[in-house]
Structures are given as structure tokens and as C-alpha cells.
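Below is one structure, written out as C-alpha cells; the observations come after it.
Since the model is a prediction, treat every value here as computed from it, not as a measurement. We use all heavy atoms of the structure for the numbers below, so side chains are in, but hydrogens, waters and symmetry mates are not.
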Amino acid sequence: MNKPHLTDVKTLRERARQHIEAGAVTSDYGGDTATAVRILNAALATEIVCVLRYKRHYHMARGIHAGPVADEFLEHANEEQGHADRIAERIVQLGGEPDLSPNGLLSRSHSEYVEGDSLVSMIKEDLIAERIAIESYREIANYFAPFDATTRRMMEEILAVEEEHADDLAELLQDRTQGPKV
């Protein structure tokens, strides 16, 4: 019979007692934790910049049709904050420190902070930022795939929400520039 290769329980127990100060990072973690933390801190900065941009757009949305768009901006801001919290928690689990310093935040972020001067320009800038996040998070998930299933899964889950955001924004943009689909 083909039995799966599983480590015996005695060995697992012995390994678990070694280096317990490392928390979730066990001896079979195949990646470099310093690199993992650096990559995740860039994703964290990206999420924080997105929160700030969405919050500004929420507060600055004006016009007779701005209500639903502002509501979408606020919903996205709150979801991006949740992403930032998840990423920060994972950084700590990997033995690192989340870099929440405002100093250099924009240089660490993959996306830019563009304010926009109209509802349409705000939607466009948020859509551009989501598209950047989609590409970079797909690359990050692929980077972690060979050695860190937990981080890969987290990034894929965040990626799925970013894709939803991009779809929402593309629809809002189309509604404001071409009218609703018939």
C-alpha cells in the first residue's frame, strides 16, 4: 500500500520543544523569514495607503450621485484595513515587526496616493491602485507558494477581495462615463 510519508508523532513532539521562542516558525519553514517580513511589510504599506486614499475619497465625494460611490469607498477602506491587520498579524507570527511608521510609507507601498479632483478621477485612481495590488499580490502569493502555505493562502484571499474591488470600481466608472449597461 502507498502510505503517505508522515513524520512520527514522537519526532514531531521533540521538534516542537526545540526553539519554542520562534512561535509559528518551525524548522521546516523553507523560506527566509527576513525576506518574508520585508515583502509583507511592502504589502502592509500598500494596504495602509489604500485605506488612506479610500478614506479621503469617501470624505471628498461630492455631487448628486456621490452617495453610492462614497459608500463604496468607505466599504473598500474598511476591507483594506482588515487586510492590513491580517498582514500585520502574519508578520508578527513570522517573528517580524509590522512597519506602521508613516516615514517612508509611500516608498514602501506598491500603490500611490493620488487624491483625484473629481468623482471619476477618484474612481480611476482607486481602480489603478487595485490593479497594482492584484498584480503584486499574485506575485507575492506565487513567491510564498513553495514554502509557506499560510501566507500564500492569506495573500490569495486578499487578492480575491482586491479583484472584487476592481470589478466594483470598473462598474462605477462605466456608469459615470458611459451610463449603465442595458
Side-chain angles (χ1 to χ4, degrees), residues 35-94 96-144 151-181:
T35 301
V37 167
R38 182 182 51 76
I39 290 168
L40 290 175
N41 265 317
L44 176 59
T46 301
E47 292 297 322
I48 293 169
V49 168
C50 286
V51 169
L52 295 172
R53 190 185 52 259
Y54 272 126
K55 284 289 206 166
R56 176 177 169 80
H57 291 171
Y58 165 72
H59 290 292
M60 295 302 295
R62 298 281 182 265
I64 192 165
H65 303 291
V69 177
D71 291 343
E72 196 72 27
F73 289 158
L74 182 59
E75 179 182 326
H76 289 196
N78 292 335
E79 290 173 345
E80 303 292 357
Q81 182 61 59
H83 298 166
D85 292 338
R86 287 184 70 188
I87 293 168
E89 289 170 14
R90 186 62 182 156
I91 290 168
V92 172
Q93 288 174 346
L94 292 174
E97 296 180 4
D99 188 349
L100 299 168
S101 173
N103 294 332
L105 183 64
L106 286 173
S107 65
R108 292 190 312 273
S109 172
H110 298 161
S111 65
E112 300 171 297
Y113 180 88
V114 180
E115 294 176 348
D117 57 3
S118 70
L119 202 54
V120 168
S121 69
M122 289 180 217
I123 295 169
K124 284 180 179 179
E125 290 304 329
D126 289 331
L127 180 53
I128 290 166
E130 293 295 353
R131 290 171 53 84
I132 291 167
I134 288 166
E135 280 196 50
S136 64
Y137 292 178
R138 188 171 289 121
E139 288 181 9
I140 291 170
N142 288 336
Y143 169 79
F144 282 103
T151 304
R152 176 195 49 82
R153 242 186 344 267
M154 177 191 72
M155 293 308 299
E156 288 174 344
E157 290 166 0
I158 292 171
L159 171 61
V161 176
E162 304 300 358
E163 290 173 343
E164 289 173 17
H165 289 177
D167 283 346
D168 294 343
L169 293 165
E171 189 175 304
L172 286 173
L173 183 61
Q174 181 179 8
D175 289 351
R176 266 122 203 100
T177 57
Q178 301 170 1
K181 291 180 187 175

Report the distance from atom [atom1] of [X] to atom [atom2] of [Y], rounding to the nearest 0.5 Å.
X: His110; Y: Tyr137; atom1: NE2; atom2: OH; result: 7.5 Å
X: Thr46; Y: Ile132; atom1: OG1; atom2: CD1; result: 8.5 Å
X: Ile134; Y: Glu164; atom1: CD1; atom2: CD; result: 10.5 Å
X: Glu162; Y: Leu169; atom1: CD; atom2: CG; result: 10.0 Å
X: Met155; Y: Asn142; atom1: CE; atom2: CG; result: 11.0 Å

Open item on the list: Please enumerate all residues that pass side-chain hydrogen bond (donor to acceptor under 3.5 Å, both in side chains) together with Glu171, with sequence neighbours excluded.
Closed with: none
Task: Under-4.0 Å salt bridge between Arg53 and Glu115 - done: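 No.
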Open item on the list: Between the side chains of Glu163 and Arg131, is the shortest nitrogen-to-carboxylate-oxygen separation below 4.0 Å, so that they form an ion pair?
Closed with: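 Here Arg131 does not pair with Glu163 in a salt bridge, since their nearest N and O are not under 4.0 Å apart.
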Open item on the list: Between Glu80 and His76, is there a side-chain donor-acceptor contact under 3.5 Å, judged purely by atom types and distance?
Closed with: no
Open item on the list: Is a donor from one side chain sitting under 3.5 angstrom from an acceptor on the other, for Tyr58 and Glu75?
Closed with: no
Might you point out which heavy atoms bring [X] and [Y] nearest each other, and give the distance in Å?
X: Ile48; Y: Ala84; value: CG1-CB, 4.4 Å
X: Ser111; Y: Val49; value: OG-CG1, 3.9 Å
X: Leu40; Y: Ile87; value: O-CG2, 3.3 Å
X: Val92; Y: Pro98; value: CG2-CD, 3.7 Å
X: Glu47; Y: Ile158; value: OE2-CG2, 4.1 Å
X: Arg152; Y: Ala141; value: CG-O, 3.4 Å

Open item on the list: Would you say that Gln81 contacts Asn78 through its side chain, given a criterion of any heavy-atom pair below 4.5 Å between the two side chains?
Closed with: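 No; the side chains remain at least 4.5 Å from each other.
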Open item on the list: If you define the side chain from C-beta out and look only at heavy atoms, does anything of Glu72 sit under 4.5 Å from Leu172?
Closed with: yes
Open item on the list: Before you tell me yes or no, could you show the steps for Tyr113 and Leu105 under side chain to side chain contact (heavy atoms under 4.5 Å, CB included), namely the whole-Å CA-CA distance, both residues' side-chain angles and the distance that decides it to 0.1 Å?
Closed with: CA-CA 10 Å; Tyr113 180 88; Leu105 183 64; over 6 Å; no
TODO: Determine, step by step, whether Leu159 and Ile140 satisfy the side chain to side chain contact (heavy atoms under 4.5 Å, CB included) criterion, reporting the C-alpha distance in whole Å, the side-chain angles of both residues, the deciding distance to 0.1 Å, and the verdict.
DONE: CA-CA 10 Å; Leu159 171 61; Ile140 291 170; over 6 Å; no
Task: Sequence-distant partners of His83, ring-ring contact (aromatic ring centres under 6.0 Å, His included), two or more places apart - done: none
Open item on the list: What verdict does the side chain to side chain contact (heavy atoms under 4.5 Å, CB included) test give for Leu52 and Lys55, after you've listed the backbone C-alpha separation in whole Å, the side-chain angles of each residue and the deciding distance to 0.1 Å?
Closed with: CA-CA 5 Å; Leu52 295 172; Lys55 284 289 206 166; 5.8 Å; no
Open item on the list: Assess the residue pair Arg176 and Leu119 against the criterion (side chain to side chain contact (heavy atoms under 4.5 Å, CB included)); give the C-alpha distance rounded to whole Å, side-chain angles, the decisive distance to 0.1 Å, and a yes or no.
Closed with: CA-CA 9 Å; Arg176 266 122 203 100; Leu119 202 54; 4.2 Å; yes
Task: From Gln93, Glu156, Arg90, residue fulfilling side chain to side chain contact (heavy atoms under 4.5 Å, CB included) relative to Thr151 - done: Arg90
TODO: Would you mind listing every side chain to side chain donor-acceptor pair (under 3.5 Å) that reaches into residues 98-107, with sequence neighbours excluded?
DONE: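 Matches after skipping sequence neighbours: Asp99-Arg108.
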- [ ] Go through the steps to decide whether Arg153 and Glu157 satisfy the test salt bridge (Lys or Arg N to Asp or Glu O under 4.0 Å), and finish with yes or no.
- [x] CA-CA 6 Å; Arg153 242 186 344 267; Glu157 290 166 0; 5.1 Å; no
